[in-house]
> 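Quick one: the structure is below, and I'll ask about it shortly.
Note that these values count all heavy atoms, side chains included, but never hydrogens, waters or copies made by symmetry. Residue numbers count from 1 along this sequence.
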Amino acid sequence: MQVVLGTDALVHVEPSPDAAVGAPGEVLLAPVHMGICGSDVHVLHGRHPFARPPVVTGHEIVARVLDVGADVRRVAPGDAAVVNPLVWCGTCPRCRAGAVNQCAEAKVRGFRVPGLARARVAVDERYCHRVPDGVPTRVAVLTEPLAVAWHATARGGDLGRVLVIGAGPVGLAVLRALRWRGAGDVTVVEPVAGKRETAIGLGADRAVAPGALPAGLEVDTTFDCVAADTTLHTAGAVTVPGGTIVVVGVPDDDRSLPLPRLQRWEIDVRGTGLYVSADIEAALSRLGDDTDAAARLVTAEHPVTEAAAAFAAAEQPDHIKVLITWPT
């Protein structure tokens with residue numbers, strides 16, 4: 001079975017084509033869990049800036065290794081593996097420098113190329129990361145958003161005082177990555193009360209509703225995981241002179257910035273895009289000691305036969321990460 005986001009804004013579960021190891025460096029995988037991202041929902045409804053249905057979805061995947069080509073060394077049959085969904089060229093100057101997330105030819109599976117939500121899929125070994133022993137697959141499936149967060153937090157400046165705007169899946173992953181990095185005082189802004197409670201449980205010092213920031217709050221770095229005009233202006237207002245704003249959320253159009261304050265006080269605004277392989281390995285290595293906390297991000301799970309219901313749940317504001325699960 002494969003999960004297809006259709007042009008009719010419906011989720012279809014269809015028979016999937018056969019797959020096999022076709023080259024010495026390929027790995028044959030059977031998905032175990034897929035996480036639904038907000039960007040997947042945007043594709044379904046035709047609101048994604050770069051992708052349009054129909055497309056086989058799936059970029060947050062943990063899978064079981066079924067077979068490997070003769071040259072494969074990173075994984076073996078029976079292993080659980082996380083797949084890096086970013087497909088890069090490997091030959092351009094950015095790829096050669098290790099910044100594969102900046103490759104001009106890069107595409108993400110499930111968006112501009114078919115995704116991984118199919119019963120059998122073959123990928124090149126370079127995209128496979130073995131899940132460490134002791135990390136449950138239900139937690140390992142969170143590696144991709146946590147890699148996004150690990151990469152994003154590296155783009156920050158001083159992490160002594162931090163504001164995270166938005167406590168959806170990415171914002172909460174950023175919060176967890178900040179704790180992994182030893183950040184100091186962390187404030188989270190989030191409109192949904194249940195997600196504010198989750199943020200406190202994941203290590204926020206305080207979590208407040210929009211408009212309820214503590215009077216006089218100043219932070220060294222802000223991570224805007226929403227990227228709306230209002231949130232960018234909030235970030236500009238509370239980030240100290242010489243501080244840093246990291247835009248993590250994915251806007252669907254241009255946004256405005258409080259340029260007079262940013263210019264006068266030399267506040268840096270930085271983008272962050274996806275991750276590199278080292279970010280995935282960093283997330284996987286830390287999950288081994290953080291499985292209980294990470295598991296709080298999973299709020300629902302549906303079998304692949306109920307993929308449409310899973311997508312419907314993912315659109316509800318009280319959910320964080322909704323999983324689709326294949327039979328084993």
> Give the minimum heavy-atom separation between Glu190 and Gly168, together with the two atoms involved.
OE1-N, 4.0 Å

> Report the distance from atom OG1 of Thr57 to atom CG of Leu116, rounding to the nearest 0.5 Å.
9.5 Å

> Which label fits Tyr127 and Trp88: parallel for a plane angle under 30°, tilted from 30 to 60°, or perpendicular past 60°?
perpendicular

> Is there a side-chain contact (heavy atoms from CB on, under 4.5 Å) between Leu44 and Phe311? Walk through the geometry before answering.
CA-CA 9 Å; Leu44 175 63; Phe311 267 80; 4.0 Å; yes

> Under 6.0 Å from the six-membered ring centre of Trp150 and within 45° of its axis: does the NZ or CZ of Arg181 meet both?
yes

> So, Thr244 versus Thr221: side-chain donor-acceptor pair below 3.5 Å or not?
no

> Run the side-chain contact (heavy atoms from CB on, under 4.5 Å) test on Thr143 and His129 for me, step by step, so that the C-alpha distance in whole Å, both residues' side-chain angles and the decisive distance to 0.1 Å come before the verdict.
CA-CA 10 Å; Thr143 300; His129 297 260; over 6 Å; no

> Would you name the heavy atoms of Ala204 and Val188 that are closest together and state the gap between them?
CB-CG2, 3.8 Å

> Check whether the side chains of Asp40 and His48 place a donor and an acceptor atom closer than 3.5 Å, and report yes or no.
no

> Are Ile61 and Leu28 in one and the same hydrophobic cluster, where Ile, Leu, Val, Met, Phe, Trp and Tyr link if side-chain heavy atoms are under 4.5 Å apart?
no

> Which atom names give the shortest non-hydrogen contact between Ala307 and Val13, and what distance separates them?
CB-CG2, 3.8 Å

> If you measure from the Lys or Arg side-chain nitrogens to the Asp or Glu carboxylate oxygens, is any gap between Asp71 and Arg74 under 4.0 Å?
no

> Can you confirm whether the side chains of Arg206 and Thr187 place a donor and an acceptor under 3.5 Å from each other?
yes

> Quiz question: by atom type and distance under 3.5 Å, do the side chains of His33 and Glu60 form a donor-acceptor pair?
no

> Do you know which two heavy atoms are closest between Val248 and Val170, and how far apart they sit?
CG1-CG1, 3.6 Å

> Would you say that more than 12 heavy atoms from the other residues, nucleotides or ligands in this model lie under 6.0 Å from the CG of Asp18, or not?
no

> Quick check: closest heavy atoms across Val247 and Leu232, and the distance to 0.1 Å?
CG2-CD2, 3.9 Å

> Of all the heavy-atom pairs spanning Gly58 and Met34, show the shortest one and how long it is.
CA-SD, 3.8 Å

> Would you call Asp290-Arg179 a salt bridge at under 4.0 Å N-O?
no

> Any carboxylate oxygen within less than 4.0 angstrom of a Lys/Arg side-chain nitrogen, looking at Asp185 and Arg161?
no

> Please check if atom CD in Glu105 has more than 12 non-hydrogen atoms from other residues, nucleotides or ligands closer than 6.0 Å.
no

> Side chains of Leu175 and Phe223: does their closest heavy-atom pair fall under 4.5 Å?
no

> Going by the side chain to side chain contact (heavy atoms under 4.5 Å, CB included) test, name the single residue among Ile165, Val219, Ile245 that passes it with Val238.
Val219

> Cys103 versus Leu86: any side-chain heavy-atom pair under 4.5 Å?
no

